[in-house]
Student: 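Handing you this structure, nothing more for now.
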Number of protein chains: 2
Amino acid sequence: MSVTPASQPRRTYRHGDLREALLDAGIEMAREGGPDAVVLREATRRAGVSPNAAYRHFADREALLHAVSDACLGFAADRIEQSVAEVPEGDPVDTARALLRAVGTGYIAFAREEPGLFRTAFSVPDNLQRAAEPAKAGRNGRTPFQLVGFALDALVDAGVLPRERRENAEFLAWATVHGLGMLVIDGPLRGLDDRMIDYATARLLDMVDRGL
Amino acid sequence: MSVTPASQPRRTYRHGDLREALLDAGIEMAREGGPDAVVLREATRRAGVSPNAAYRHFADREALLHAVSDACLGFAADRIEQSVAEVPEGDPVDTARALLRAVGTGYIAFAREEPGLFRTAFSVPDNLQRAAEPAKAGRNGRTPFQLVGFALDALVDAGVLPRERRENAEFLAWATVHGLGMLVIDGPLRGLDDRMIDYATARLLDMVDRGL
DNA sequence: CCCTGATGTGTACACTGTCCACAACCCTAC
DNA sequence: GTAGGGTTGTGGACAGTGTACACATCAGGG
């Protein structure tokens with residue numbers, strides 16, 4: 001997505017949108033090797049620029065990584081929305097249930113399809129206040145955290161989830177699915193075949209469904 | 001734990017137990033700064049030895065990190081056993097339930113008390129085959145994975161958990177608690193006060209209890 | 001007692017993040 | 001239109017890292 005292709009050297013002195021180019025390079029490196037693989041010098045190299053140029057756009061490597069991490073959360077949101085979009089209309093109760101499941105399966109799907117981005121998304125310390133900031137949102141402007149919230153709201157509206165259990169239920173749903181994602185990517189559940197993971201995901205979501 | 005204190009130079013040519021000293025140094029660094037903080041040269045420095053000496057005991061930095069990670073899993077097991085030990089004897093059903101809860105609270109407690117070690121424990125790709133190997137065990141010779149398994153077995157024996165749901169239930173229980181641990185340490189739940197975390201933990205364990 | 005394999009040392013290289021002084025450029029105000 | 005002036009990128013340098021290679025030193029068995 002860089003303005004100037006890395007192949008031939010830039011003619012103008014100004015790059016155009018170096019920040020974006022560095023970010024894109026960072027994302028690509030994260031995709032291939034996770035957070036540790038996003039290295040500042042390599043990003044500038046890919047952007048066809050000298051190492052120090054990066055410091056005009058990011059305070060340090062940490063800042064670049066943070067930006068990449070936010071972008072990864074956005075990709076996660078996109079993947080979740082994709083799963084959510086596949087939920088058929090129908091009985092409100094069934095739909096609400098299916099919605100939360102879709103969020104979960106989308107989350108796990110993202111972890112499996114893009115382990116590098118998934119790991120990068122959560123490699124950087126974060127907190128609740130920042131969980132909804134726009135930089136972490138996907139194309140539709142919603143962050144993963146917000147998507148979980150919407151699914152839970154739908155469950156309350158459909159009368160499935162008692163209202164008094166709604167508060168902070170994001171934590172439970174998210175933690176559950178997040179844990180599975182981590183264990184599948186590089187925890188002890190690594191290397192399980194796809195069928196096994198699908199099965200585990202389904203059972204996990206059953207548990208959430210029953211236990212929330 | 002090092003054989004020769006780092007303060008005064010070693011007199012003998014041989015270190016004595018350099019492998020152990022490097023491992024201890026690595027653990028200490030992991031405790032302070034997580035996986036990225038365990039750096040090979042610093043470990044040799046703390047052991048009072050030249051950088052390359054490490055290569056007689058570890059193939060590369062990755063190997064050292066792996067050993068440190070295994071040790072961290074052992075510490076987690078210790079912390080879990082501590083929580084388990086506090087479960088009072090009594091009605092078999094209540095005891096079995098409390099046992100699984102204790103595993104969960106111990107796990108979260110470890111994450112909160114030793115975030116660096118916790119992150120390090122899961123920083124290294126792993127798989128099921130290796131989940132029970134002795135290097136990952138605590139003082140009592142049991143790994144965290146095995147401890148979860150025992151608690152689940154107890155639930156089956158007490159008639160709480162239907163036998164047909166026992167298989168692979170480790171994944172569910174573990175993923176749930178692991179996810180909360182991750183989110184609390186450097187995910188969006190970071191910075192929540194202790195009461196809030198206790199509350200979330202309790203609700204999460206309620207969910208597991210109901211939904212398993 | 002010597003010699004051989006194990007263990008630690010020294011030197012060296014490529015690579016990283018980051019600091020500093022400087023250069024090239026675009027924009028704005030006169 | 002031209003003279004600044006702030007922004008953006010360059011060059012050179014330094015400390016710190018992982019790791020390869022050749023060498024030094026020792027402990028213990030023949």
Student: Do A:Phe58 and A:His66 have their ring centres less than 6.0 Å from each other?
Tutor: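 Not close enough - the centres of the two rings lie 6.0 Å or further apart.
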Student: Using a 3.5 Å cut-off and no angle test, enumerate the donor-acceptor pairs between side-chain atoms of residues 144-152 of chain A and protein atoms at least two apart in sequence or in another chain.
Tutor:
unit_1, atom_1, unit_2, atom_2, d
A:Gln146, OE1, A:Thr143, N, 2.9
A:Gln146, OE1, A:Thr143, OG1, 3.4

Student: With the sugar-phosphate defined as primed atoms, P, OP1 and OP2, and the base as all remaining atoms, what B/S/- string results for nucleotides 13-18 of chain D, 5' to 3', for protein heavy atoms under 4.0 Å?
Tutor: ----SB
Student: Atom CG of A:Leu64 and atom C1' of C:dT16: how far apart are they, to the nearest Å?
Tutor: 14 Å
Student: For the backbone of A:Ala111 and the side chain of A:Arg119, can you confirm whether one donor and one acceptor N or O come within less than 3.5 Å of each other?
Tutor: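 Between the backbone of A:Ala111 and the side chain of A:Arg119 there is no qualifying donor-acceptor contact (under 3.5 Å).
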Student: Just how far, in rounded Å, is P of C:dC22 from CZ of A:Arg56?
Tutor: 14 Å
Student: At under 4.0 Å, does any side-chain N or O of A:His57 touch on OP1 or OP2 of D:dG9?
Tutor: yes
Student: For the residue pair A:Thr105 / A:Arg101, report whether a side-chain donor-acceptor contact shorter than 3.5 Å exists.
Tutor: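 The answer is no; no qualifying pair exists.
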Student: To the nearest Å, give me how far apart CG (A:Asp17) and P (D:dT7) are.
Tutor: 17 Å
Student: For B:Leu117 and B:Phe75, work out which heavy atoms get closest and say how close.
Tutor: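 In this case the closest contact between B:Leu117 and B:Phe75 is CD1-CD1, 3.9 Å.
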Student: In sequence, state the C-alpha distance, the side-chain angles, and the governing distance for A:Arg46 and A:Asp24, and then conclude on salt bridge (charged side-chain N to carboxylate O under 4.0 Å, His left out).
Tutor: CA-CA 10 Å; A:Arg46 295 193 187 188; A:Asp24 287 342; over 6 Å; no
